[in-house]
Visitor: 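First the structure, then my questions, so here it is.
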Number of protein chains: 2
Amino acid sequence: MKNLIAGINKSFENRIRLGIMSILMVNDWVDFGELKETLGVTDGNLASHITALEKEKYIQVRKAFIGKKPNTSFQATSEGKQAFQAHLNALEALIKGM
Amino acid sequence: MKNLIAGINKSFENRIRLGIMSILMVNDWVDFGELKETLGVTDGNLASHITALEKEKYIQVRKAFIGKKPNTSFQATSEGKQAFQAHLNALEALIKGM
DNA sequence: ATATTTAACTTTGCAATACAAAGTAATTTG
DNA sequence: CAAATTACTTTGTATTGCAAAGTTAAATAT
């Protein structure tokens, strides 16, 4: 029984960030509005969590226009997917016992 | 894709609390020292997380003497096990996608 | 019999985090 | 021109997390 929580990634501890990454693991280019609605958070709160994940280079941003409306969408980077998968593995190892 | 993170239990978001509960899911009456060593945390920090879980009635405490040394050990309550299992289920649902 | 050690905290103090709410900017639609 | 929409940013506050130091009580070493 050693180093049990070492693999847990601080960046993914928060449930909103956990939610964002989960969504982006299986969906490409999900936009701000959809994330916001899916997670049920305020836009300011979502924006700050997104910024945090961006800083770690776990997600990347694309700004575009859909029709005439501005649209910001997000994708997990391969680094992000890798790190998140590692986090999930650590979680699983933790749960399944030592 | 709805209510994705609703089942995530705030009490288990923190990795130390996650670690404590994981250990107590499969081990009965684990003592302070072992938790501390296994998780690699300071005693003050561990104590505070334990207090938090205790307040939620997710774990219970037993104070005893082993030989002549005082010994405090912990067990997950059935409420705690249930709540933690629900948390894990929520995590799994989240990860496996909607 | 003092002094030190050990276990398990508690307190202190500070830095980081989380979040809502309000404010902002650049369109676009009424 | 006014109101709405998108996507933020800023502000302010409350909570959390954590290390380090202090505390208590009993145990052991000198």
Side-chain angles (χ1 to χ4, degrees), chain A residues 3-24 29-56 58-75 87 94, chain B residues 3-24 29-56 58-75 87 94:
Chain A
N3 247 354
L4 249 186
I5 58 177
I8 303 288
N9 190 329
K10 270 234 149 207
S11 296
F12 304 135
E13 241 180 303
N14 173 274
R15 68 213 198 117
I16 295 174
R17 253 137 42 207
L18 203 60
I20 293 169
M21 289 306 295
S22 296
I23 291 168
L24 296 185
W29 299 120
V30 179
D31 67 42
F32 191 92
E34 192 171 353
L35 280 182
K36 185 184 149 182
E37 199 198 346
T38 304
L39 298 171
V41 293
T42 59
D43 49 2
N45 195 7
L46 177 57
S48 78
H49 286 299
I50 280 172
T51 300
L53 290 172
E54 237 187 294
K55 252 181 210 154
E56 302 290 326
Y58 288 159
I59 65 175
Q60 61 187 142
V61 187
R62 187 182 60 187
K63 278 160 195 283
F65 281 84
I66 289 181
K68 310 242 170 136
K69 289 184 181 174
N71 183 269
T72 306
S73 47
F74 308 93
Q75 190 188 41
H87 177 75
L94 175 67
Chain B
N3 245 355
L4 248 188
I5 59 177
I8 304 287
N9 189 329
K10 269 235 151 207
S11 296
F12 304 134
E13 239 180 306
N14 173 274
R15 69 214 196 113
I16 295 174
R17 253 137 41 205
L18 202 59
I20 294 169
M21 290 306 294
S22 296
I23 292 168
L24 297 185
W29 299 121
V30 179
D31 66 41
F32 192 91
E34 192 171 352
L35 280 181
K36 185 185 149 181
E37 199 198 345
T38 303
L39 298 170
V41 293
T42 59
D43 50 2
N45 195 8
L46 178 57
S48 78
H49 287 298
I50 280 172
T51 300
L53 291 172
E54 237 186 293
K55 250 181 211 154
E56 302 290 327
Y58 289 159
I59 65 176
Q60 61 187 143
V61 187
R62 186 183 61 186
K63 277 160 196 283
F65 281 83
I66 290 182
K68 308 243 170 135
K69 288 185 181 171
N71 182 270
T72 306
S73 49
F74 308 94
Q75 188 186 42
H87 177 75
L94 175 66

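Each chain gets a letter, A, B and so on, in the order its sequence line appears, and its residues count up from 1. Quick caveat: nothing in here was measured; it's all calculated off a predicted structure.
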Visitor: Distance check needed: dT10(C) P versus D43(B) CG, whole Å only.
Guide: 11 Å
Visitor: Among dA20(C), dC8(D), dT29(C), which is the nearest nucleotide to the side chain of K68(A)?
Guide: dT29(C)
Visitor: Would you mind classifying the nucleic acid contact of K36(B) as base, sugar-phosphate or nothing, using non-hydrogen atoms under 4.0 angstrom?
Guide: nothing
Visitor: Both G67(A) and S48(A) contact DNA chain C. Which one's nearest nucleotide lies toward the 5' end?
Guide: S48(A)
Visitor: Is there side-chain contact between L35(A) and I50(A), with heavy atoms separated by less than 4.5 Å?
Guide: yes
Visitor: Grab the CG-P distance between N71(B) and dA26(D) for me, whole Å please.
Guide: 16 Å
Visitor: Measuring from the side chain of H49(B) (C-beta onward, heavy atoms only), which nucleotide among dC8(D), dA8(C), dG17(D) has the closest atom?
Guide: dG17(D)
Visitor: Starting at CD1 of I50(A) and ending at P of dC19(C), how long is that distance when rounded to a whole Å?
Guide: 14 Å
Visitor: Taking CD from E56(A) and C1' from dT17(C), how many angstroms apart are they, rounded to a whole number?
Guide: 14 Å
Visitor: Only one of V41(B), N14(B), L46(B) clears side chain to side chain contact (heavy atoms under 4.5 Å, CB included) with I20(B); which?
Guide: L46(B)
Visitor: Can you tell me how far P of dA8(C) sits from CZ of F74(B), to the nearest Å?
Guide: 8 Å
Visitor: Can you pull out the residues from residues 10-20 of chain A that lie within a 4.0 Å heavy-atom distance of DNA chain C?
Guide: N14(A), I16(A), R17(A)
Visitor: How long is the line joining CG of D31(A) and C1' of dC8(D), in whole Å?
Guide: 14 Å
Visitor: To the nearest Å, how far apart are L39(B) CG and dA8(C) P?
Guide: 14 Å
Visitor: Any side-chain N or O of N45(B) less than 4.0 Å from the OP1 or OP2 oxygen of dA19(D)?
Guide: yes
Visitor: Do the side-chain N or O atoms of T72(A) get closer than 4.0 angstrom to the phosphate oxygens (OP1, OP2) of dT6(D)?
Guide: no
Visitor: What nucleotide among dA19(D), dT10(C), dA7(D) has an atom nearest to a side-chain atom of T42(B)?
Guide: dA19(D)
Visitor: Between dT6(C) atom P and K69(B) atom NZ, what is the distance in whole Å?
Guide: 8 Å
Visitor: Give the ring-plane orientation class for F12(A) versus H87(A), where under 30° counts as parallel, over 60° as perpendicular and anything between as tilted.
Guide: perpendicular
Visitor: State, yes or no, whether a side-chain contact exists between I23(B) and F74(B) at a heavy-atom distance under 4.5 Å.
Guide: no
